[in-house]
Amino acid sequence: MADHTRGGGNAAEKSGEAYWKANLRIIIISLIIWALCSFGFGILLRPMLSGIMVGGSDLGFWFAQQGSILVFLALIFFYAFRMNKLDKEFGVDEE
C-alpha cells in the first residue's frame, strides 16, 4: 500500500485534480454547444430561424438536419485538439 503521509503525493494529487477539472470544463462547454445547436437551434428556436434561408431551406431545418451533425464533428476535432494540448501541459501525453 502506498504511503500518503508524505508531501510528494499531495502535489501529484493537486495536479491530477487540476487536470480533471480542466477536462470536465472542456466536456461541459462542448456539451452545452452541442445541445444549443442540436436542441436549441433545431427544435426550440426553429420558428425564429425560419426566415433565414440556407441551401434552399430555412436555417432551423438546416440545423436540425445537417448543422447539428457538422457542429458535433467540429466538436470532436476541437476536443481531440484541446485534450492533446492539455495532456502535454500536464505531462500525460503519449510519446
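Not measured: the values here are computed from a predicted model. FYI, side chains are in, hydrogens and waters are out, and symmetry mates aren't considered; it's all heavy atoms of this structure. Each residue takes its place number in the sequence, starting with 1.
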Engineer: Looking at residues at least two apart in the chain, or sitting in another chain, which of them share a side chain to side chain contact (heavy atoms under 4.5 Å, CB included) with I52?
Structural biologist: L49, L59
Engineer: If I take atom CG from residue L70 and atom CG from residue L75, how far apart are they, to the nearest 0.5 angstrom?
Structural biologist: 11.0 Å
Engineer: Let me confirm one number: the CZ-CG distance from R82 to N84, rounded to the nearest 0.5 Å.
Structural biologist: 10.5 Å
Engineer: Are L73 and I33 in one and the same hydrophobic cluster, where Ile, Leu, Val, Met, Phe, Trp and Tyr link if side-chain heavy atoms are under 4.5 Å apart?
Structural biologist: yes
Engineer: Could you list the residues that satisfy side chain to side chain donor-acceptor pair (under 3.5 Å) with Q66, not counting sequence neighbours?
Structural biologist: W62
Engineer: Using a side-chain heavy atom cutoff under 4.5 Å and only I, L, V, M, F, W and Y, what cluster partners does I43 have?
Structural biologist: F39, L44
Engineer: Using the side-chain hydrogen bond (donor to acceptor under 3.5 Å, both in side chains) rule, collect all pairs that involve residues 20-43, keeping only residues at least two apart or in two chains.
Structural biologist: N23-Y79
Engineer: Within this structure, what is the CD1-CG distance for the pair I28 and L24, rounded to the nearest 0.5 Å?
Structural biologist: 5.5 Å
Engineer: CD1 of I27 to CE of M83: how many Å apart, nearest 0.5 Å?
Structural biologist: 7.0 Å
Engineer: With sequence neighbours excluded, tell me which residues meet ring pair (Phe, Tyr, Trp, His ring centres under 6.0 Å) with F41.
Structural biologist: F63
Engineer: Where is the tightest heavy-atom contact between D58 and S50, given as atom of each residue plus distance?
Structural biologist: CB-O, 3.2 Å
Engineer: Linking I/L/V/M/F/W/Y whenever any side-chain heavy atoms sit under 4.5 Å apart, do I32 and L45 land together?
Structural biologist: no
Engineer: Would you say L31 and I76 are hydrophobically clustered, going by side-chain heavy atoms of ILVMFWY under 4.5 Å?
Structural biologist: yes
Engineer: Who passes ring pair (Phe, Tyr, Trp, His ring centres under 6.0 Å) against Y19, sequence neighbours left out?
Structural biologist: F90
Engineer: Would you say that more than 12 heavy atoms from the other residues, nucleotides or ligands in this model lie under 6.0 Å from the CE of M48, or not?
Structural biologist: no
